[in-house]
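Heavy-atom basis, side chains included; hydrogens, waters and symmetry copies ignored.
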Amino acid sequence: MPEQPAAPAAVEARGWGWRHASRLAWALQDVTFRIEPGERVLILGASGAGKSTLLHGLAGVLGGEEEGESRGELLVDDGPAVATRGRAGLVLQDPDSQVILARVGDDVAFGCENLGVPRSEIWPRVISALQAVGLEVPLDHPTKALSGGQKQRLALAGLLAMRPGLLLLDEPTANLDPDGVVEVRDAVQRLLDARPSTLVVVEHRLDVWLPLITRVIVLGAGGVIADGPPAEVLVTQGPRLAADGVWVPGHPPALPPAPSTVRGEVLLSARGLAVARVKGRPVASGIDLDVHAGEALALTGPNGAGKSTLGLTLAGLLPPARGQVTAAPVLAAGAGTAPIRWASRDLLTRIGMVFQEPEHQLLAKTVRDELAVGPRALGVPEEEIAARTEELLARLRLDRLAAANPYTLSGGEKRRLTVAAAIATRPRVLVLDEPTFGQDARTWSELVAMLAALRDEGSAIVTITHDLDVASALHARRFALGGAR
């Protein structure tokens with residue numbers, strides 16, 4: 001007999017708060033609201049407002065007393081959220097952290113198997129979910145061969161296949177191309193139409209979700225600072241929210257000025273280049289490309305086109321599958337012309353890389369120490385390290401988090417930290433994979449302004465992005481990759 005779909009869940013917070021074990025400040029405090037079964041709610045707030053922490057709490061995955069301290073109550077169906085695991089399905093910000101099994105089909109089926117869904121129902125659900133999110137790969141396709149955006153679709157497919165009563169989506173479209181953003185939104189719409197569930201979604205960019213949601217809750221200092229229908233919240237309180245950094249339609253962020261100088265000499269060049277993550281499986285080929293000093297270059301294209309792989313290859317972190325990447329003498333400076341053969345120390349001052357997943361490059365126990373790792377490895381005097389660190393902490397609004405463990409930061413804060421850490425070594429070429437992921441309007445503007453300033457100082461900026469506003473703001477030359485999503 002087919003399994004009956006789960007009923008929509010009710011959600012309630014009663015003066016709830018959470019503080020990470022290693023932090024003095026609370027991530028959230030005095031949060032109070034009730035979400036009725038079947039409501040579709042968008043959670044907004046500035047970077048670091050605690051949006052992801054709230055979703056983790058509702059999913060029951062924040063951990064016990066050894067991981068933090070809570071206040072008040074957080075309830076799902078009138079019971080403690082931590083005791084109702086299985087009622088909620090969560091899609092996280094970090095695509096890699098959600099991949100469990102080696103093959104796509106098995107990964108999507110994993111949640112259903114844990115819930116005890118009959119085997120005869122699992123695989124039709126898996127196929128339907130993959131089609132719904134537009135992940136058109138074979139069921140035995142290796143998960144390690146997926147791009148970051150494809151992994152995000154994979155995670156959402158796993159959630160859709162489980163059919164929970166509470167859908168928790170933490171920036172589910174942040175790493176997707178524009179077509180993929182609409183596909184994911186439409187997939188969620190179809191799921192809700194077919195099997196009503198309660199939806200709670202966190203996004204900085206809200207335009208795509210406005211047709212779907214019925215309510216907006218805004219988090220800030222002291223708990224909930226706005227709550228109501230989208231039109232009421234965004235129109236009547238739009239100017240105040242925009243001033244706090246919330247993305248509000250009609251209130252665009254400040255943009256940097258156009259380049260103050262013309263582009264300079266070629267620093268890196270690719271000729272006949274093919275790139276691959278898995279040996280023998282190139283994801284893009286026939287690439288001829290120059291990277292100039294004093295210029296921003298935007299690598300664009302659909303998910304799976306090879307943008308991140310190209311970025312890693314240009315940065316000397318992956319070997320070319322075919323062809324070559326050559327550093328000009330002014331950049332190589334005696335280290336050789338092939339970046340893939342450079343030692344780590346040589347790369348630090350020549351080519352900096354900011355990975356799509358911030359956790360992949362966090363090394364230290366505090367934010368301040370993280371910024372000092374690169375300069376210290378180069379033997380920079382401690383006084384200069386301190387000066388660079390303090391400047392970056394202030395410019396990227398991380399100074400209040402200087403003593404925090406990097407892993408307790410929000411996704412947007414981690415992104416700013418990894419950008420700052422790369423800048424701290426002052427490389428001539430800076431390659432950034434989705435540099436504005438997780439940013440509110442204010443930190444987005446400040447981050448883009450910093451990259452524009454580096455460009456004007458003569459650095460080459462290579463940004464891999466689906467955020468075309470970044471490319472426009474930096475007056476970037478665009479290099480589009482094709483390929484299947």
Hey, what do you get for CH2 (W342) to CG (L347), rounding to the nearest 0.5 Å? 6.5 Å
Working for side-chain contact (heavy atoms from CB on, under 4.5 Å), residues L299 and T463: CA-CA 6 Å; L299 304 182; T463 177; over 6 Å; no
Should the pair E457-R455 be classified as a salt bridge under the 4.0 Å nitrogen-to-oxygen rule? no
Using distance only, find each side-chain donor-acceptor pair of residues 309-317 under 3.5 Å and give its atom names and separation, not counting sequence neighbours.
unit_1	atom_1	unit_2	atom_2	d
T309	OG1	R277	NE	3.0
T313	OG1	T309	O	2.7

Is there a donor-acceptor contact under 3.5 Å from the side chain of T443 to the main chain of Q439? no
Does this structure show an ion pair linking R415 with E171, if we count only N-O contacts that are shorter than 4.0 Å? no
Are E446 and R442 within salt-bridge range, i.e. N to O under 4.0 Å? no
Evaluate the side-chain contact (heavy atoms from CB on, under 4.5 Å) criterion for residues L409 and V367: first the C-alpha distance (whole Å), next the side-chain angles of each, then the deciding distance (0.1 Å), finally the verdict. CA-CA 9 Å; L409 271 55; V367 168; 3.9 Å; yes
Taking the side chain as every heavy atom from C-beta outward, state whether V108 and L135 have any atom pair closer than 4.5 Å. no
Would you call L241 and W247 a side-chain contact if the rule is heavy atoms closer than 4.5 Å? no
Under a 3.5 Å cutoff, is there a donor and acceptor pairing between the side chains of S47 and R416? yes
Working to the nearest 0.5 angstrom, can you tell me the gap between E384 CD and R388 CZ? 4.5 Å
Any donor-acceptor N/O pair, D77 side chain to A10 backbone, under 3.5 Å: yes
Can a salt bridge be assigned to the pair R397 and E413 using a cut-off of 4.0 Å between side-chain N and carboxylate O? no
For the residue pair A88 and L168, what are the closest heavy atoms and their distance? CB-CD1, 3.8 Å
As an exercise, state the distance from CZ of R345 to OG1 of T425, rounded to the nearest 0.5 Å. 11.5 Å
Review item, side-chain donor-acceptor pairs of residues 212-235, under 3.5 Å, at least two apart:
unit_1	atom_1	unit_2	atom_2	d
T214	OG1	R40	N	3.3
T214	OG1	R40	O	3.2
R215	NE	D227	OD1	2.9
R215	NH1	R34	O	2.7
R215	NH1	E39	OE1	3.0
R215	NH2	R34	O	3.2
R215	NH2	D227	OD2	2.9

Locate the shortest heavy-atom distance separating E370 from Q361; write the atom from each residue and the value. OE2-O, 3.2 Å
Under 4.0 Å between a side-chain nitrogen and a carboxylate oxygen: does that hold for R477 and E295? yes
Cation over ring, R71 on W18, under 6.0 Å and within 45°? no
Got a donor-acceptor contact below 3.5 angstrom from the D107 side chain to the L101 backbone? yes
One should read off an interatomic distance between S197 OG and L167 CG, to the nearest 0.5 angstrom, of 4.5 Å
Any donor and acceptor pair, going by atom type alone, linking the side chain of R153 with main-chain N or O of V133 inside 3.5 Å? yes
Without swapping roles, check the side chain of S260 against the backbone of D456 for a donor-acceptor pair under 3.5 Å. no
Which atom names give the shortest non-hydrogen contact between L430 and A422, and what distance separates them? CD1-CB, 3.7 Å
Closest approach of P435 and V419, non-hydrogen atoms and distance? O-CG2, 4.5 Å
CG/L24: more than 12 non-hydrogen atoms of other groups inside 6.0 Å: no
Under 4.5 Å between any side-chain heavy atoms of L166 and V11, yes or no? yes
Check whether Q152 reaches the backbone of L92 with its side chain - one donor and one acceptor, N or O, closer than 3.5 Å. yes
Closer than 3.5 angstrom, by distance alone: can the side chain of T418 be matched with the main-chain N or O of K414 as a donor-acceptor pair? yes
Note: A27 and T53 closest approach over all heavy atoms is CB-OG1, 4.1 Å
Full working for side-chain contact (heavy atoms from CB on, under 4.5 Å) between L159 and L90: CA-CA 7 Å; L159 172 63; L90 172 65; over 6 Å; no
Under 3.5 Å, side chain of R185 to main-chain N/O of V208, donor-acceptor pair present? yes
Using modelled atom types and a 3.5 Å cut-off, is there a donor and acceptor pairing between side-chain atoms of S52 and backbone atoms of S410? no
Are a donor atom and an acceptor atom from the side chains of N405 and H20 found within less than 3.5 Å of each other? no
Quick one about Q237 and R240 (side-chain donor to acceptor, distance below 3.5 Å, no hydrogens or angles considered), yes or no? yes
With heavy-atom distances below 4.5 Å as the criterion, would you say the side chains of F33 and L54 are in contact? yes
What's the shortest heavy-atom distance between A453 and R395, and which atoms? CB-NH2, 4.5 Å
For residues T349 and P427, determine if any side-chain heavy atom of one lies less than 4.5 Å from a side-chain heavy atom of the other. no
I would like to know whether V448 and L255 meet side-chain contact (heavy atoms from CB on, under 4.5 Å); could you show each step before the answer? CA-CA 8 Å; V448 169; L255 300 179; 5.8 Å; no
Is M450 close to I423 at the side-chain level, that is, under 4.5 Å between some pair of heavy atoms? yes
Rounded to the nearest 0.5 Å, what separation is found between the CD1 atom of I385 and the CZ atom of R368? 12.5 Å
Any V325 side-chain heavy atom under 4.5 Å of I340 side chain: no
Between W444 and D467, do the side chains contain a donor N or O and an acceptor N or O under 3.5 Å apart? yes
Atom CG of D244 and atom CG of L44: how far apart are they, to the nearest 0.5 Å? 12.0 Å
Does one side chain, of D369 or T366, offer a donor that lies under 3.5 Å from an acceptor on the other? yes
Using a 3.5 Å distance criterion without hydrogens, assess whether the side chain of K51 forms a donor-acceptor pair with backbone atoms of G45. yes
Compare all side-chain heavy atoms of P358 with those of E434 and state whether any distance is below 4.5 angstrom. no
